[in-house]
**Q** 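Let me begin by handing over the structure; questions about it come next.
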Number of protein chains: 2
Amino acid sequence: MTGVSQATVSLVLNGRDDGSVRIAPETRERVLGAIRATGYVADPVARRLAARHNRIIGVFTYEPVFPAGTGDFYHPFLVGIEESAERLGCDLLLLTSAPVTDGRRRIFHDDNRLRLADGCVLLGRSLDRDELGRLVAEGQPFVSVGRRDDAGGPVPYVGADYAAATADVVRRALDAGHTRLAYLGQGAGPESHTDRFAGYRTALDAAGLPTRHEPTDRSPADLLDTLLDTGVTAVVVEEYADGVSLANAAVERGRTVPADLSILALGDPTRPTTSDLEFTGFRIPRREMGWQAVEVLTGLLAGVPGTVTQRLLPCQPVDGVTLLPPRH
Amino acid sequence: MTGVSQATVSLVLNGRDDGSVRIAPETRERVLGAIRATGYVADPVARRLAARHNRIIGVFTYEPVFPAGTGDFYHPFLVGIEESAERLGCDLLLLTSAPVTDGRRRIFHDDNRLRLADGCVLLGRSLDRDELGRLVAEGQPFVSVGRRDDAGGPVPYVGADYAAATADVVRRALDAGHTRLAYLGQGAGPESHTDRFAGYRTALDAAGLPTRHEPTDRSPADLLDTLLDTGVTAVVVEEYADGVSLANAAVERGRTVPADLSILALGDPTRPTTSDLEFTGFRIPRREMGWQAVEVLTGLLAGVPGTVTQRLLPCQPVDGVTLLPPRH
DNA sequence: TCAAGGCGCTAATACGAATTATCACGCCGA
DNA sequence: TCGGCGTGATAATTCGTATTAGCGCCTTGA
């Protein structure tokens, strides 16, 4: 249309008029006119092939992105991710094509499409260690939402400081006069669990008090009986839903929360559950985590020098109504 | 590593051993071995450049994808879209980079990235007519979630049959004995509104009864007075939230719903609102709409002949507690 | 004996942009 | 007249893959 070469169009399109390249203003206008007239837009894929980046951020989750069963636990993360992406002018690629084997999605498989994006954000309770290691080894740019242990190298993450938040919750119970506190949950497995348990242990150790770990495989009623029989006056629960079950069991047994037993929740519900009690504990800064994860990723990609790639964000304390001094 | 050409690797990688191409089993094994050893995966971008499609489905919404203010009205659509995409092995690209001008996102702008995807799904109460027309004119493959009028050509869509569902609701009120039914809402603007109003009008016309249209700009209390003063016994409300306001106003005035006034909701809440009443009306098959939108899109892309590209899905009637025969 | 065709693979090219070395041109000064 | 220099644009190459015509060799059948 304009009689210029493809190269010239490319230069005009990208507004290149720095020292090394010059386009006559008249030519530039002609090209821009043709672009406007035809509505031409450069093929982003070809562009990516040549430029080696495309402002696409992959989002990989081990559960469906738009959750049904997780009671929207992941929703706030995604809100933060989207807001951040929008601000940075990036698009999000939801890696929904990853096939599900053995009940979970896999990053690496025969038609790995991760590299469609410049980098990716990983979301999920527990990431597969092998896959994580491979990402690190291959130098794939990624950021995990949630702290992760090293996997053959440092893993970039934006996590919540569960250890500090849990220790704080425990200290609040200690300040209220409790001396026999149990930890209800796995306390192992995913980093989010071990961190909580570590915080619990730290706070009790510092106070010179014994720890007590209850697994979650017992019925709430049994569990309640055991706890009360052995003089436990406060329980910190890893999973919000387990706290709800325990409280319900207490009500059924004619006991009162928190008069008979204080219950402290270590975070937001990850399973759909309802309760009219507002549990004392803390909130996970989910939106902020999602937001910062994208920030860290783009920092990594741009090679920004000062970027801290391992971040722990503070949790917000929640006062709630489930903590009272113990009876004597 | 194996001494074969790039072309051979490509052929092995894609499992091409149909009639036209043959690879010696021994060679194939050697190549596969090298692939396993190195963990090589084809660059999806280059692949897309060559193949001219990439199994990416764009998702464009006129509101944030992960909604905050819309009370998760859009969530079920996205769940359906994701499920369908997962089943078809496609990834979803959320077009979050589209800049917001004059309070809404725009598809077309100077750095249009729609073409990154093979096609796209459009979501939103009202789509911009000009943009829609341009999509049609340019032959961009897309599907709208929600019925749309022609825009210089037929618009592919998967919508809810609001007209039929509304007519059905009105008939249920007529069957209960109502003869003075008002329509509360815009009744104009987006197709979803005009369709509802059309259904309302159709049902009343068929019964030989007069229609009555109330705009939403009045206070619920005023509105309630007017309705009752003029003998209206049932109201169909376009917006769930307006029904809630009206019901609340009734309670404040010492009236009872549905004894004094039946209220029928034409769909699910699009704004966050709470009410202990379960409104009589219908539910929008949101998940199914999202699901089928992706189906239609992939059908379009694959050029599947029999694909119906304009679909209206039935809404599910809800019995609820807000419809009773009128007092005499 | 020779054309026809099967076999397994590769060279070459396309995909659509970004990048860079280079070229043609005109002007100026020596 | 010739060389040097600033201008403005282009030819050629690159990114990593998919596709296809065709090569050289061998077998088969008439």
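Sequence lines set the chain letters: A, B, ... in the order given, protein chains first and strands last, and positions in each chain run from 1.
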**Q** Please compare B/Ile23 and B/Ala46 by the position of their nearest nucleotide in DNA chain C and report the one closer to 5'.
**A**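 Closest to the 5' end, via its nearest nucleotide, is B/Ile23.
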**Q** D/dA18, D/dT17, C/dA17: which one has an atom nearest the side-chain heavy atoms of B/Ser10?
**A** D/dA18
**Q** Taking the side chain of B/Arg47 as heavy atoms from C-beta outward, which of C/dG16, D/dT17, D/dT10 is closest to it?
**A** D/dT17
**Q** Quick one: B/Glu29 CD to C/dC9 P, roughly how many Å, whole number?
**A** 13 Å
**Q** Please determine, for the side chain of A/Ala50, which listed nucleotide (D/dT17, C/dT19, D/dC15) has the closest atom?
**A**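 Nearest nucleotide to the side chain: D/dC15.
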**Q** Within the structure shown, what part of the strands sits under 4.0 Å from A/Ala7 by heavy-atom distance: base, sugar-phosphate, or nothing?
**A**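 Base contact.
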**Q** Starting at CZ of A/Arg52 and ending at P of D/dT17, how long is that distance when rounded to a whole Å?
**A** 13 Å
**Q** Does B/Val4 reach a base, just sugar-phosphate, or nothing at all? Heavy atoms under 4.0 Å.
**A**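 If one applies the 4.0 Å heavy-atom cut-off, B/Val4 turns out to touch the sugar-phosphate alone, with no base involved.
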**Q** Tell me which one of A/Arg148, A/Arg106, A/Arg134 satisfies salt bridge (Lys or Arg N to Asp or Glu O under 4.0 Å) with A/Asp128.
**A**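 Of the listed residues A/Arg148, A/Arg106, A/Arg134, the salt bridge (Lys or Arg N to Asp or Glu O under 4.0 Å) partner of A/Asp128 is A/Arg106.
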**Q** Is the shortest distance from a Lys or Arg side-chain nitrogen in B/Asp195 or B/Arg147 to a carboxylate oxygen in the other one below 4.0 Å?
**A**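 Here B/Asp195 pairs with B/Arg147 in a salt bridge, since their nearest N and O are under 4.0 Å apart.
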**Q** Using C1' atoms of five pairs at each end, report the bend of the helix from C/dT1-D/dA30 to C/dA30-D/dT1 rounded to 10 degrees.
**A**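 Its terminal axes enclose an angle near 80°.
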**Q** Do any N or O atoms from the side chain of A/Glu191 and from the backbone of A/Asp149 form a donor-acceptor pair under 3.5 angstrom?
**A** yes
**Q** Within this structure, what is the CZ-to-P distance between B/Arg30 and C/dG8, rounded to whole angstrom?
**A**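 Rounded to the whole Å, the gap is 13 Å.
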**Q** Heavy atoms only, 4.0 Å cut-off, all strands: where does B/Leu13 land among base, sugar-phosphate and nothing?
**A**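 Touches nothing.
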**Q** For A/Arg16, is there any backbone N or O sitting under 3.5 Å from a side-chain donor or acceptor partner on A/Asn14?
**A** no
**Q** Select base, sugar-phosphate, or nothing to describe what A/Ala24 touches, counting heavy atoms under 4.0 Å on all strands.
**A**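 Since only primed, P, OP1 and OP2 atoms lie under 4.0 Å of A/Ala24, the category is sugar-phosphate.
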**Q** Base, sugar-phosphate, or nothing: which does B/Arg48 touch, judged by heavy atoms less than 4.0 Å apart?
**A**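 Contact class for B/Arg48: none.
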**Q** Using whole Å, report how far CZ of A/Arg22 lies from C1' of D/dT7.
**A**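 Computing the A/Arg22:CZ to D/dT7:C1' distance gives 5 Å.
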**Q** Between B/Tyr40 and D/dT17, is there a side-chain N or O to OP1/OP2 distance below 4.0 Å?
**A**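 For D/dT17, OP1/OP2 do have a side-chain N/O of B/Tyr40 under 4.0 Å.
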**Q** Starting at CZ of A/Arg55 and ending at P of C/dA17, how long is that distance when rounded to a whole Å?
**A** 17 Å
**Q** Taking N and O atoms by type only, does the side chain of B/Gln6 place a donor or acceptor under 3.5 Å from a partner on the base of D/dA18?
**A**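 Flag set: donor-acceptor pair detected.
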**Q** Determine yes or no for a side-chain-to-main-chain donor-acceptor pair under 3.5 angstrom, with A/Thr8 supplying the side chain and A/Val4 the backbone.
**A** no
**Q** Rounded to whole Å, how long is the line connecting atom CG of B/Leu49 with atom P of C/dA18?
**A**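 Interatomic distance, CG of B/Leu49 to P of C/dA18: 12 Å.
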**Q** Just how far, in rounded Å, is C1' of C/dC7 from CG of B/Leu11?
**A**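 From B/Leu11 CG to C/dC7 C1': 14 Å.
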**Q** Rounded to whole Å, please give me the gap between CG in A/Asn14 and C1' in C/dT19.
**A**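 In whole Å, C/dT19 C1' and A/Asn14 CG are 10 Å from each other.
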**Q** Hey, is A/Glu295 close enough to A/Arg87 for a salt bridge, meaning N to O under 4.0 Å?
**A**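 Looking at A/Glu295 and A/Arg87, the cut-off is met.
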**Q** Between A/Thr38 (side chain only) and A/Ala34 (backbone N and O only), is there a donor and an acceptor less than 3.5 Å apart?
**A**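 Flag set: sc A/Thr38 to bb A/Ala34 pair under 3.5 Å.
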**Q** Give a yes/no on whether any side-chain N or O of B/Thr8 is located under 4.0 angstrom from OP1 or OP2 of C/dC9.
**A**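 For C/dC9, OP1/OP2 do not have a side-chain N/O of B/Thr8 under 4.0 Å.
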**Q** Among residues at least two apart in sequence or on other chains, which ones pass ring pair (Phe, Tyr, Trp, His ring centres under 6.0 Å) with B/Phe142?
**A** none
**Q** Given C/dT20, D/dT17, D/dG8, which nucleotide is nearest the side-chain atoms of B/Asp43?
**A** D/dT17
